[in-house]
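First up is the structure itself, then whatever we jot down about it.
Scope of the values below: all heavy atoms of this structure, side chains included, with no hydrogens, waters or symmetry mates. In listed order, ligands and their atoms are each counted from 1.
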Amino acid sequence: MLTVNNLSFSYKKTPVLKNISFNLKPGENLAVIGQSGSGKSTLLKLLYGTYDLDEGQMFWKNHEILGPKFNLITGPDFMKYVAQEFDLMPFTSVGENIGEFLSNFYPEEKQNRIDELLKVVELTTYKNKKVKTLSGGQKQRVALARALAKAPEILLLDEPFSHIDNFKKQSLRRSLFNYLKDKNITCIVATHDKEDVISYADTVIVLHDTKVIANQSPQELYNSPNNALIASFFGEFNIIENHIVYAHQLKAVEKSNLKAIIKYAYFKGNHYLIEAELNGQNIFFEHPISLEKNSTVSLTINR
Ligand code: ADP
Ligand code: MG
């Protein structure tokens with residue numbers, strides 16, 4: 001179990017995180033979400049032992065995670081951290097980067113392990129390419145494979161797919177998160193991408209204004225977002241009669257008391273997102289086809 005107990009931290013005077021507490025079971029995937037500057041990266045760095053806490057304690061099983069005051073080398077050996085700015089050896093090959101920390105005592109095992117990890121991050125054909133010749137997204141995948149090489153018990157990932165294009169992102173995400181589940185590796189992902197969270201996280205914590213404002217499963221968080229900040233993470237939403245209503249929960253019908261005037265229609269692939277005016281308020285709903293500007297529709301809430 002990972003236990004974070006009443007953690008508080010500030011770089012200078014202003015507190016970045018205050019009284020943060022949560023637990024995580026081995027093998028679980030925890031997503032840490034929050035607006036830019038809410039302290040996601042700071043939390044990961046603290047979990048890795050990069051800084052000393054102002055207050056609180058962190059434990060993995062019976063091992064206390066301590067900062068630089070108590071440890072010469074940052075990062076306990078059961079943990080790996082892939083930072084937002086990953087650092088690699090640019091002049092050596094992809095394969096050598098991934099295998100850097102693996103023993104040379106069993107060369108065949110080492111190569112097999114490197115090949116296994118190349119598959120996970122879908123870089124098999126790049127094994128002998130020098131890292132400096134790769135794109136940002138490819139480098140990010142090398143950094144992920146390198147962190148996995150020695151099978152950490154806990155993996156800390158900071159915006160792990162931020163440099164990876166949409167063509168690759170979906171399959172890489174599946175491949176990596178399924179691999180971590182198979183190997184029972186505990187994983188903490190700081191992200192602003194709902195796709196990293198919604199299908200893969202067991203638990204989500206939301207950081208806002210130095211605090212944890214929610215700690216729930218993605219299902220609970222999505223189905224009952226208790227404020228606009230959380231709803232906005234998942235997509236377009238409206239506040240109608242004091243309730244949060246996602247755009248897909250608002251539907252055009254033949255007759256109702258909610259009358260809206262169409263302003264714009266945005267093509268979204270399998271539907272249109274319609275922006276309309278309802279009693280002077282801008283609202284969004286989904287519709288199978290485009291609707292004409294200035295026409296009137298009747299809407300109903302369909303939860
Ligand atoms: P996030 O990852 O959620 O965007 P960060 O953890 O990077 O947020 O930053 C949280 C807050 O701490 C921000 O206000 C940021 O400006 C500040 N901060 C981050 N790193 C440092 C640092 N090394 N020194 C001083 N302040 C920092
Ligand atoms: Mg960050």
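When each of Arg146, Arg113, Lys110 is tested with Glu100 by the rule salt bridge (Lys or Arg N to Asp or Glu O under 4.0 Å), just one qualifies, namely Arg146. Considering Thr42, Thr210, Asp54 as possible partners of Ser10, the one that fulfils the side-chain hydrogen bond (donor to acceptor under 3.5 Å, both in side chains) test is Asp54.
With hydrogens and angles left out, the side-chain atoms of Ser298 and Lys259 include a donor and acceptor closer than 3.5 Å. No donor-acceptor contact under 3.5 angstrom links the side chains of Ser38 and Gln35, judged on distance only.
Distance from atom 14 (O) of ligand 1 to its nearest protein heavy atom, with residue and atom name: Gly37 O, 4.0 Å. For atom 5 (P) of ligand 1, the nearest non-hydrogen atom of the protein is Thr42 OG1, 3.6 Å. At the shortest separation from atom 8 (O) of ligand 1 among protein heavy atoms lies Gly39 N, 3.2 Å. Of the protein's non-hydrogen atoms, Tyr11 CE1, 3.3 Å is the one closest to atom 18 (N) of ligand 1. At the shortest separation from atom 7 (O) of ligand 1 among protein heavy atoms lies Ser41 CB, 3.7 Å.
A salt bridge does not link Lys268 with Glu286: every distance from a Lys NZ or Arg NE/NH1/NH2 to an Asp or Glu carboxylate oxygen is 4.0 Å or more.
Between the Gln140 side chain and the Pro160 main chain, a donor and an acceptor come within less than 3.5 Å of each other.
Short contacts between ligand 1 and Gln35, defined as distances under 4.0 Å to a heavy atom of the residue, involve ligand atoms 3 (O).
Ligand 1 has at least one atom lying under 4.0 Å from a heavy atom of Ser38.
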_Candidate pair Asp196 and Ile33, rule side-chain contact (heavy atoms from CB on, under 4.5 Å), full reasoning_ = CA-CA 10 Å; Asp196 294 342; Ile33 68 171; over 6 Å; no
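At least one protein heavy atom sits closer than 4.0 Å to atom 11 (C) of ligand 1.
Taking the six-membered ring where the residue is Trp, the centroids of Tyr246 and Phe237 are separated by 6.0 Å or more.
In summary, Thr42 places no N/O/S atom under 2.8 Å from the Mg ion (ligand 2), failing the contact criterion.
Between Lys40 and ligand 1, a contact under 3.5 Å exists for at least one N or O pair.
For Val16, every heavy-atom contact with ligand 1 shorter than 4.0 Å involves the side chain, none the backbone.
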